[in-house]
Amino acid sequence: MPGVTDRVIVVTGAGGGLGREYALLLAKEGAQVVVNDLGGARDGSGSGTSMADTVVQEIRDAGGTAVANYDNIATEQGAADLIKSAVDNFGTVHGVIHNAGILRDGSFAKMTADNWESVQKVHLWGGYHVIRAAWPYFREQNHGRVVVAASTSGLFGNFGQANYGAAKLGLVGLINTLAIEGARNNILANAIAPLAATRMTEDIAPKEMLDKLPPAHVAGVVGYLMSDECTDTATVVVAGGGRVYRVQQFQNKGAVFTTPPSIDEVAAQWNQITDMSGAEPGANPLG
Ligand code: NAD
């Protein structure tokens, strides 16, 4: 039975919220899951083992297979140790869900370098470290699945989340290139932009909205992106509260200048340059 049966899947930040749901579902569907969580607070402070341990116990109690891992995926060593844990316990790694995340919100005017850097380190650098550590196994076995946690805050912007939005859209840039470089080795790289009631959103969205956003609604979508059936790559999917849809970049025909245009000539063509009617999916003109 394909799906995710017997696949070894690493889920970062799986000690609570969305990651926990991903881990529970994958294990229920027969995957061997590494439940990674540093066990700290929402802002990234602190650490502990109980979050990952609790999820692993839940999985085992339900008859599934999982091991806990408490490494900090924001570091190269932590990510290497995490992937080593998958290999030591289950022989290889078939998939990585880079879901770990922290929040350090604040308007850009008040955005300190520390709050900027901490968020980049966990989301963007963490993605780089964990996927990079798994990449040789994916290539060697001609099979790999990557899902990164993006966000509508990165895709569309959100007040107070300049650091977070930049990191999240950075992850979309990452999977776009991983999809190209991984194609010949059957490595697929996609992004989920979830909407769910977790500790991350508990004081951000109104309760009436959060009541309609149980994290379990997102897990099946991520599970599909991890599965053998999935053939899509470089796809960004928004999922929450039962609605699942794709977000993609489009480009229009624009304007063509045969000589370097003056500012006035650009201004004269601005409507043509920005009008998106008739736009089509975008592509790298240099690719
Ligand atoms: P969450 O806080 O419950 O989960 C994040 C987990 O990551 C926590 O358990 C935390 O301990 C862990 N973590 C943090 N730093 C870590 C590190 N350095 N190493 C290992 N683990 C670490 O929040 P969530 O809502 O479940 O978020 C999961 C992912 O989804 C995050 O990347 C988040 O940005 C993204 N996301 C969530 C929403 C939403 O609506 N909840 C929306 C958009 C994006």
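No hydrogens, no waters, no symmetry mates; every other heavy atom, side chains included, goes into these values. All ligand and atom numbering here is 1-based and tracks the order in the structure.
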Colleague: Can you list the atoms of ligand 1 that are under 4.0 Å from a heavy atom of D71?
Modeller: 19 (N), 20 (C)

Colleague: What atoms of ligand 1 come closer than 4.0 angstrom to any heavy atom of G17?
Modeller: 3 (O), 26 (O)

Colleague: N/O to N/O below 3.5 Å, does that happen between N72 and ligand 1?
Modeller: yes

Colleague: Taking only heavy atoms of L195 into account, list the atoms of ligand 1 that are under 4.0 Å away from them.
Modeller: 40 (O)

Colleague: Is the closest heavy-atom distance from G44 to ligand 1 below 4.0 Å?
Modeller: no

Colleague: I'd like to know if H123 contacts ligand 1, where contact means a heavy-atom distance under 4.0 Å to any ligand atom.
Modeller: yes

Colleague: So is A196 close enough to ligand 1, meaning a heavy atom under 4.0 angstrom away?
Modeller: yes

Colleague: Closer than 4.0 angstrom: is that true for some heavy atom of A150 and an atom of ligand 1?
Modeller: yes

Colleague: Does ligand 1 come near enough to M51 that some N or O of the ligand is less than 3.5 Å from an N or O of the residue?
Modeller: no

Colleague: Determine whether the aromatic ring centres of residues F138 and H143 are separated by less than 6.0 angstrom.
Modeller: no

Colleague: Which of the atoms in ligand 1, numbered in the order shown and given with their element, are less than 4.0 Å from a heavy-atom of I102?
Modeller: 14 (C), 15 (N)

Colleague: Quick one: pull up CG in L188 and CE in M226 and give me the separation to the nearest 0.5 Å.
Modeller: 9.0 Å

Colleague: Identify which of T201, L155, T198, I192 has a heavy atom lying nearest to atom 25 (O) of ligand 1.
Modeller: T198

Colleague: Based purely on interatomic distance, does I73 place a nitrogen or oxygen under 3.5 Å from a nitrogen or oxygen of ligand 1?
Modeller: yes

Colleague: Can you find an N or O of L38 that's nearer than 3.5 Å to an N or O of ligand 1?
Modeller: yes

Colleague: What distance separates L171 CG from H123 NE2, expressed to the nearest 0.5 Å?
Modeller: 8.5 Å

Colleague: Got a salt bridge between E58 and R20, using NZ or NE/NH1/NH2 to carboxylate O under 4.0 Å?
Modeller: yes

Colleague: Determine whether more than 12 heavy atoms belonging to other residues, nucleotides or ligands lie under 6.0 Å from atom CD of E202.
Modeller: yes

Colleague: As an exercise, state the distance from CD1 of I204 to OG of S153, rounded to the nearest 0.5 Å.
Modeller: 7.5 Å

Colleague: For the atom pair NE2 (H98) and CG (L174), what is the distance rounded to the nearest 0.5 Å?
Modeller: 9.0 Å

Colleague: Going by distance alone, is a donor N or O of one side chain under 3.5 Å from an acceptor N or O of the other, for T92 and Q141?
Modeller: yes

Colleague: Mind checking whether K168 has a heavy atom under 4.0 Å from ligand 1?
Modeller: yes

Colleague: Which option out of Q161, R199, E21 puts a heavy atom nearest to atom 1 (P) of ligand 1?
Modeller: R199

Colleague: So does R42 pair up with D203, basic N to acidic O under 4.0 Å?
Modeller: yes

Colleague: Please identify which atoms of ligand 1 are closer than 4.0 Å to at least one heavy atom of N36.
Modeller: 20 (C), 21 (N)

Colleague: For T12, is the nearest heavy atom under 4.0 Å from an atom of ligand 1?
Modeller: no

Colleague: Please work out, at 4.0 Å between heavy atoms, whether the side chain, the backbone, both, or neither of P194 comes within that distance of ligand 1.
Modeller: both

Colleague: Return the CD1 to NE2 distance between I83 and H129, rounded to the nearest 0.5 Å.
Modeller: 12.5 Å

Colleague: Find all atoms of ligand 1 within a distance of less than 4.0 Å from any non-hydrogen atom belonging to Y164, and give their numbers and elements.
Modeller: 33 (C), 34 (O), 35 (C), 36 (N), 43 (C), 44 (C)

